[in-house]
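Before any comments, here is the structure.
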Amino acid sequence: MVFPMSKVRKAVIPAAGLGTRFLPATKTVPKEMLPIIDRPILMYIVEEAVRAGIEDIVLVAGRGKHAIEDFFDVSYELEDKLARDGKDAWLESLRKIRDAANIISIRQMRPLGLGHAIGCAKPIIGSEPFAVLLGDEIMIADKDKPTVTGQLARSFEQSGMSTVAVMEVPASETHKYGIVEGETTAMPDGGTRIRVGNVIEKPTAGQSSSRWALPGRYVFDASIFGHIASTKPGKNGEIQLTDAMVAVAKEKGLLAQTFTSRRFDAGDKLGYLQANIELALEHPELGTALRQYLQTLGKTL
Ligand code: G1P
């Protein structure tokens, strides 16, 4: 059954973290602005959202994140110079960034956790369903395949139920993620879908036997705002999105499903390097030269 009024048009991108894993670079540069080749991580996240049909993006920034807001603003001096120098291609790429979506920037006044950050977007999201995309993870969909956010939005539009992305991780890594428990079913495309019974934020050893981890892509209906408002501080004293998700699962039901994109953990130094190398190997201007360089390195490793 299709719910015609439930198209997912809005998204929230929380960008209020301190980026401690990338210090000292992140002392002055927000982690979302660190480049993968020549584009900030945030650009990949925005592009995923836009490809999924998102029109309005709410950026929830913290203190010292002017660079993020400026990135989506007009840079008059730079654009004027590029126009005078006849650098039309560069000018066009800057304009494309601005025109990608309506970017609405708001502040999370206090760092009270991911759930709280999402709750800050309520005045802009209102009663519409919305996607959440965390900037730590970059998801690259093949050209002919839907994005992760697109897959979740379709699930929401078809089932009317909030749907989140999951991936299977080794037991040794479950402590890094929100972990979903529930009844699994096979999807026609070969993926797995879970009717979520419980969600545990970063379980300690023995706290959960499930290995279904949340990689930071979600689609919720607006009822989650009420649950966030009544969520008490949980793991690490923070208002956790995962705790509000448990309330959604109990009240209206919550689905979790696997996805087809390639995923890079850009919030981790090794994952960040892997994203740079893999995407540079596919880059039309860099791929051949980088491959040759890596082959020469390979002989000495
Ligand atoms: C957050 C969420 C966690 C999720 C993770 C994905 O944790 O709280 O549930 O699995 O993002 O990256 P963080 O990594 O911000 O501590």
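Atoms within each ligand, like the ligands themselves, are counted from 1 in listed order. Residues take their numbers from the sequence shown, with the count starting at 1.
Here F264 and Y44 keep their ring centres 6.0 angstrom or further from each other.
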May I have the list of side-chain donor-acceptor pairs in residues 230-237 shorter than 3.5 Å, sequence neighbours left out?
unit_1, atom_1, unit_2, atom_2, d
S230, OG, G226, O, 3.2
S230, OG, H227, O, 3.4
T231, OG1, H227, O, 2.6
K235, NZ, K202, O, 2.9

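At least one side-chain heavy atom of V166 sits under 4.5 Å from a side-chain heavy atom of L214. At a threshold of 4.5 Å between non-hydrogen side-chain atoms, the residues D70 and S75 do not count as touching.
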Pick out the protein N or O atoms lying less than 3.5 Å from any N or O of ligand 1, and list each pair with its distance.
unit_1, atom_1, unit_2, atom_2, d
ligand 1, 7 (O), K202, NZ, 3.2
ligand 1, 8 (O), E201, OE1, 3.4
ligand 1, 8 (O), E201, OE2, 2.7
ligand 1, 9 (O), G178, N, 3.1
ligand 1, 9 (O), E201, OE1, 2.8
ligand 1, 10 (O), G178, N, 2.9
ligand 1, 10 (O), L214, O, 2.6
ligand 1, 12 (O), E137, OE2, 3.2
ligand 1, 16 (O), K202, NZ, 2.6

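If you check the side chains of E48 and T149, you find a donor sitting under 3.5 Å from an acceptor.
Of the possible donor and acceptor atoms, one in the side chain of Q207 sits under 3.5 Å from a partner among the backbone N and O of T204.
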